[in-house]
Amino acid sequence: QAQLVESGGGLVQPGGSLRLSCTASGFSLDYYAIGWFRQAPGKEREGVACISTSRINTYYADSVKGRFTIYRDNAKNTVYLQMNSLKPSDRAVYYCAIGEFRTIVAGVAQIWGQGTLVTVSS
């Protein structure tokens, strides 16, 4: 029953902010790298941000650098994606996943969440 559940998606205006949460149940996130991915309508899934178990190593897609921040709270068994200065092009279903930091950027993961929809429009 290991599971990842995303939350925090919704409708936001361009330039606005959202914070997505990914909470694990049935296991601990302590020993996994975590990645956020997104898939927009008509487009392939892409890696957005990843964080290592140590929290020192992070990855951000060029399209979100300076706007998105990934961080984790192991005590809450949760990883977050703070999304600022949102653009219409950020509209997508956002997924979290666990795996190894070196490969999760490419979408290699053990468990995927169900996704949460982020809509950016005025």
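Quick note: residue numbers are just sequence positions, from 1.
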Is it true that Phe37 and Trp112 have ring centroids separated by less than 6.0 Å?
yes
Just how far is it from atom CD of Glu6 to atom OH of Tyr80, taken to the nearest 0.5 Å?
14.0 Å
Work out which heavy atom in Trp36 is nearest to a heavy atom in Leu81; give both atom names and the distance.
NE1-CB, 3.5 Å
Please step through side chain to side chain contact (heavy atoms under 4.5 Å, CB included) for the pair Phe68 and Gln82, ending with a clear verdict.
CA-CA 5 Å; Phe68 291 9; Gln82 180 66 47; over 6 Å; no
Given side chain to side chain contact (heavy atoms under 4.5 Å, CB included), test Ile98 with Leu29 step by step and report yes or no.
CA-CA 8 Å; Ile98 62 168; Leu29 289 174; 3.6 Å; yes
Can you tell me if Ser52 and Ser54 form a side-chain donor-acceptor pair at under 3.5 Å?
yes
Main chain of Ser17, side chain of Asn84: is a donor-acceptor contact present, judged purely on distance under 3.5 Å?
no
Examine Val105 and Val64 and state if one hydrophobic cluster contains both, with Ile, Leu, Val, Met, Phe, Trp and Tyr joined whenever side-chain heavy atoms are less than 4.5 Å apart.
no
So which atom in Val5 and which in Gln114 form the shortest heavy-atom distance, rounded to 0.1 Å?
CA-OE1, 3.4 Å
Full working for side chain to side chain contact (heavy atoms under 4.5 Å, CB included) between Asn57 and Ile51
CA-CA 6 Å; Asn57 297 319; Ile51 187 168; over 6 Å; no
Quick one, Ile34 and Arg72 - any side-chain contact, counting heavy atoms below 4.5 Å?
yes
Within the distance-only criterion (no hydrogens, no angle test), does the side chain of Glu100 pair as donor or acceptor with the backbone N or O of Ala33 below 3.5 angstrom?
no
So, do Ser21 and Lys76 sit near enough that their side-chain heavy atoms are less than 4.5 Å apart?
no
If only atom types and distance count, is the side chain of Gln13 paired as donor or acceptor with the main-chain N or O of Val120 below 3.5 Å?
no
Run the side chain to side chain contact (heavy atoms under 4.5 Å, CB included) check on Tyr59 and Ile70 step by step: do they pass?
CA-CA 9 Å; Tyr59 161 84; Ile70 186 171; over 6 Å; no
Minimum-distance pair of heavy atoms, taken over all atoms of Leu86 and Leu18:
CD1-N, 3.9 Å
Rounded to the nearest 0.5 Å, what separation is found between the CG atom of Asn77 and the CG atom of Asp30?
6.5 Å
Is there a donor in the side chain of Thr78 and an acceptor in the side chain of Thr23, or the other way round, less than 3.5 Å apart?
yes
In one Ile/Leu/Val/Met/Phe/Trp/Tyr side-chain cluster, 4.5 Å: Val48, Met83
yes
Would you compute the distance between atom OG of Ser25 and atom CD of Gln3 and round it to the nearest 0.5 angstrom?
4.5 Å
Tell me, do Ser121 and Pro14 make a side-chain contact under 4.5 Å, heavy atoms counted?
no
Can you label the angle between the Tyr32 ring and the Phe27 ring as parallel, tilted or perpendicular, going by 30° and 60°?
perpendicular
When you compare the side chains of Arg38 and Tyr94, does any donor N or O come within less than 3.5 Å of an acceptor on the partner?
yes
Smallest heavy-atom separation, Val93 atom then Gly115 atom, equals CG1-CA, 3.8 Å
Give me the atom names and distance for the closest heavy-atom approach of Cys50 to Ile104.
SG-CG2, 3.7 Å
Any sub-3.5 Å donor-acceptor pair from Thr116's side-chain atoms to Gly9's backbone N or O?
yes
Closest non-hydrogen atoms of Ala109 and Ala97, given as atom of the first, atom of the second and distance, are CB-CB, 3.6 Å
Ion pair present between Lys87 and Asp90, side-chain N to carboxylate O less than 4.0 angstrom?
no
